[in-house]
Amino acid sequence: MNSNSEEKNQGNSRSLNFLESIIEEDIKNGKNKSRVHTRFPPEPNGYLHIGHAKSICLNFGLGEKYNGKTNLRFDDTNPTKEEDEYVHSIIEDVKWLGFDWEDRQYYASDYFGQLYEWAVKLIRKGKAYVEEQSAETISEQRGVPTRPGTESPYRNRPIEENLGLFERMRKGEFPDGSKVLRAKIDMASPNMHMRDPVMYRILHATHHRTGDDWCIYPMYDFAHGQSDYLEGITHSICTLEFEIHRPLYDWFLDNIIETEYRPRQIEFARLNLTYTVMSKRKLLELVKGNYVNGWDDPRMPTISGLRRRGYTPESIRNFADRIGVAKRDNTIDVGVLEFSVREHLNKIAPRVFAVLNPLKLIITNYPEGQVEELDIELNPEDETMGSRKVPFSREIYIERDDFMEDPPRKFFRLGPGREVRLKGAYFVKCENYKKDEAGNITEVYCTYDPETKSGSGSTRKVKGTLHWVSVDHAIDAEVRLYDRLFKTENPDTVDGEVDFKDNMNPDSLKTITGKIEPGIKGAKALDKFQFQRLGYFCVDPDTTEDKLVFNRTVPLRDSWAKKNK
RNA sequence: UGUCCUAUGGUGUAAAGGUAGCACAUCUGGUUUUGGUCCAGACGGUCUAGGUUCGAAUCCUUGUAGGACAACCA
């Protein structure tokens, strides 16, 4: 899986991203014995999304590239928000993306015992104290970024007293919120996180793994760096908003450990996508409010949503590689994601005929009752995929958009007197058509030219080629046509009182019934196809034995539609 | 009126003091039994002002702009 880095290093360029530069520098200097060990540390309080995929690809990618390792670690220090369901979904998603953490699946909760001992150690060193004021008071005393805070009256409590109180906190003698353990650092620091941050809080809550063993839980800042340390992590890669936490990350380690080895926190800019919201909170809101049908709704930017939509792990990994990584805020055009999935599906998806908006076409000079089994390639991009048989007969469906009563000259499809090729079959020429009282075209009448059968060597040319499905052989399927969930490029933008949900696209899902060639029978959930000339489609898990359901992953590029916009 | 981070085509991302390149998007043209794919080409960029240097996207200073930080969340 090193092909990407090899590609990058081709020629004489050594194009490294800033993370790789740092790592190579560290390796060169023999830092941490030149080891590289990363980790992906999700909190199990929601489903993973495409932004996490970037982080996963980064962390595991770096591990692979530098012959190191990557751990999966659940950052589960807050029992009130974390659930087992999320742990399972995260495991499934990371695996599906194609990464392997072997036996290195850890939990911050694995370290609760060690963390507790280290907290005691800091108390003994006079670097931590038990606070008894309310959260509100602590917050007030912390000050604001531009003004220093004031010291807590409990700040200089004797060590023995702190030890006793902390012990009793652990034993469950105090109610939630009545006390916290704070690090004694600097109430005047311009960095708010250094103003005696909370290390432990009392939470009489059942933890998804440790049950009721604990009623005090460490805060993120008191857990993350030490967890990294315990796992031998060398490069602890996280997003930009933790930049300001780094001094604290280092402070705890410096005051707890004596070894030369030390993990290093490095921050990168998180992914933003146009027409997409990416915060867990907002995604949760969409799910809970039934704006979408669950975390894996194909319109969601979650990994599970993308999977159900028909994205492949390869396409997501290529996407992550393509967008790069840096420290400046960025918004990627969602078109890049779509390009990535088309790129992969074009190579692997078998082609199939499906008519989504059917118009009946009758070939008047084709014998009634006759059926030809035509042999049609499965993928022009990959001959080894071979071909399939498609039945052809006197009455077929074509796409309504492929016929115009009064077409412009550049319209390469069917119209009165015009001739087109039916892909894999014959040329047909439109002789007539029928309309209902409302003026809708109901049937098109054509004649075919038997000399023009595909593969017969006929040299006649025609400009347009249409896909089609035999009326008698067509299989009905439910087809879910998805469009972007939001109609504005940046749904998060708060113009006045606008809620992000007000920016939702009311037409993000259209469900129709399509006519598909009979060979589609037996398709299994998540099987992917190109509906020729339309787009890439994927079998939805809602499919049953007698009802096929497809999701449109992404339409094909359509320069004709674009020109006519 | 604090600290920290960031600034390269429309959007991303390279160039480690020496030809500003690549991808997506956009536009042309070619091939094509998918108006797809593929191929070829075009358009378009170093935030400002100084300084160092033979030479600055890169180093220094200044300004400007954007972002982060004031949960007992992560």
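So you know, we letter chains A, B, ... as the sequences are listed, proteins then strands, and number each from 1. Just so it is clear, the structure is predicted and the values come from calculations on it, not from any experiment.
Note on A:V462: nothing from the nucleic acid sits closer than 4.0 angstrom, heavy atoms only. A:G464 comes within 4.0 angstrom of nothing in the nucleic acid, heavy atoms only. Contacts of A:Y220 with the nucleic acid, taken as non-hydrogen atoms under 4.0 Å apart, include base atoms. Heavy atoms of A:V144 sit under 4.0 angstrom from at least one base atom. Nucleic acid contact class of A:H467 (heavy atoms, under 4.0 Å, all strands): none. When heavy atoms are screened at a 4.0 angstrom cut-off, A:T274 is found touching no nucleic acid atom at all. Within 4.0 Å (heavy atoms only), A:S189 reaches no atom of the nucleic acid at all. Within the nucleic acid shown, A:F222 has no heavy atom closer than 4.0 Å to any nucleic acid atom. Note on A:G149: nothing from the nucleic acid sits closer than 4.0 angstrom, heavy atoms only. Residue contacts for A:Q532: at a heavy-atom cut-off of 4.0 Å it reaches a base atom on one of the strands shown. Among the atoms of the strands shown, only primed sugar atoms or phosphate atoms (P, OP1, OP2) are found under 4.0 Å from some heavy atom of A:I323. Heavy atoms of A:I332 sit under 4.0 angstrom from primed sugar atoms or phosphate atoms, though from no base atom. When heavy atoms are screened at a 4.0 angstrom cut-off, A:A135 is found touching base atoms of the nucleic acid. At a threshold of 4.0 angstrom between heavy atoms, the contacts of A:S139 are confined to the sugar-phosphate backbone, with no base atom among them.
Comparing A:P41 and A:G424, the nucleotide of RNA chain B nearest to each residue sits closer to the 5' end for A:G424. Two residues, A:R246 and A:S559, neighbour RNA chain B, and the one matched to the more 5' nucleotide by heavy-atom proximity is A:R246.
A donor N or O paired with an acceptor N or O is found under 3.5 Å between the base of B:G36 and the side-chain atoms of A:E381. Evaluation of atom-type donor-acceptor distances gives no pair under 3.5 Å for the side chain of A:R322 against the base of B:G12. In this model, no side-chain donor or acceptor of A:H193 finds a partner on the base of B:A71 within 3.5 Å. Contact annotation: side chain of A:E377 to base of B:U33, donor-acceptor pair absent below 3.5 Å. In terms of polar N and O atoms assigned as donor or acceptor, the side chain of A:T465 never comes within less than 3.5 Å of the base of B:U34 in a complementary pairing. Side-chain atoms of A:R328 and base atoms of B:U6 include no donor and acceptor less than 3.5 Å apart. No N or O donor and acceptor, one from the side chain of A:R533 and one from the base of B:U33, sit under 3.5 Å apart.
Within the 4.5 Å cutoff, the side chain of A:S55 has heavy atoms near those of the A:N59 side chain. In this structure, the side chains of A:R533 and A:L466 come closer than 4.5 Å at one or more pairs of heavy atoms.
B:C73 atom P lies 11 Å from atom CD of A:E82, rounded to whole Å. Here the C1' atom of nucleotide B:G12 and the CZ atom of A:F18 are 15 Å apart, to the nearest Å. The distance from atom CE of A:M192 to atom P of B:C4 is 16 Å, rounded to the nearest whole Å. The distance from atom CG of A:N346 to atom C1' of B:C39 is 15 Å, rounded to the nearest whole Å. Distance CG (A:L337) to P (B:C24): 14 Å, rounded to an integer number of Å. If you take CD of A:E338 and C1' of B:U11, they are 14 Å apart, rounded to a whole angstrom. Between the CZ atom of A:R142 and the C1' atom of B:C69 there is a distance of 12 Å, rounded to whole Å. One can place CG of A:N78 at 10 Å from C1' of B:A71, the figure rounded to the nearest angstrom.
Comparing B:G35 with B:G45, their C1' atoms sit 33 Å apart, to the nearest whole Å. The separation of B:A65 from B:U48, taken at their P atoms, amounts to 15 Å, rounded to a whole angstrom. Straight-line distance between the P atoms of B:A14 and B:C47: roughly 15 Å, to the nearest whole Å. With both ends at atom P, the span from B:A7 to B:A16 equals 15 Å, rounded to whole Å.
Annotated as syn: B:A71, whose glycosidic dihedral is within 90° of 0.
Between A:W560 and B:G35, a base-stacking contact is recorded: ring centres under 5.5 Å apart, planes less than 30° from parallel.
When only modelled atom types and interatomic distance are considered, A:N78 and A:T80 share a side-chain donor-acceptor pair under 3.5 Å.
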Assess the residue pair A:Y200 and A:F222 against the criterion (ring-ring contact (aromatic ring centres under 6.0 Å, His included)); give the C-alpha distance rounded to whole Å, side-chain angles, the decisive distance to 0.1 Å, and a yes or no. CA-CA 8 Å; A:Y200 267 92; A:F222 190 66; 5.8 Å; yes
Working for ring-ring contact (aromatic ring centres under 6.0 Å, His included), residues A:Y275 and A:F486: CA-CA 5 Å; A:Y275 300 99; A:F486 294 91; 9.2 Å; no
In sequence, state the C-alpha distance, the side-chain angles, and the governing distance for A:F242 and A:H224, and then conclude on ring-ring contact (aromatic ring centres under 6.0 Å, His included). CA-CA 11 Å; A:F242 291 99; A:H224 204 94; 7.3 Å; no
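At least one test fails for A:R552 against the ring of A:Y536: distance under 6.0 Å to the centre or angle within 45° of the axis.
By the 4.0 Å N-to-carboxylate-O rule, A:D196 lies close enough to A:R155 to be salt-bridged with it. Using a 4.0 Å cut-off between charged nitrogen and carboxylate oxygen, A:D492 and A:K282 count as a salt-bridge pair. Note on A:R460 versus A:E419: salt bridge recorded, some NZ/NE/NH1/NH2 to OD/OE distance being below 4.0 Å.
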Secondary-structure notation, RNA chain B, from Watson-Crick and G-U pairs under 3.5 angstrom (| other strand): .((((((..((((....[..)))).(((((.......)))))....(.(((..]....))).))))))).....
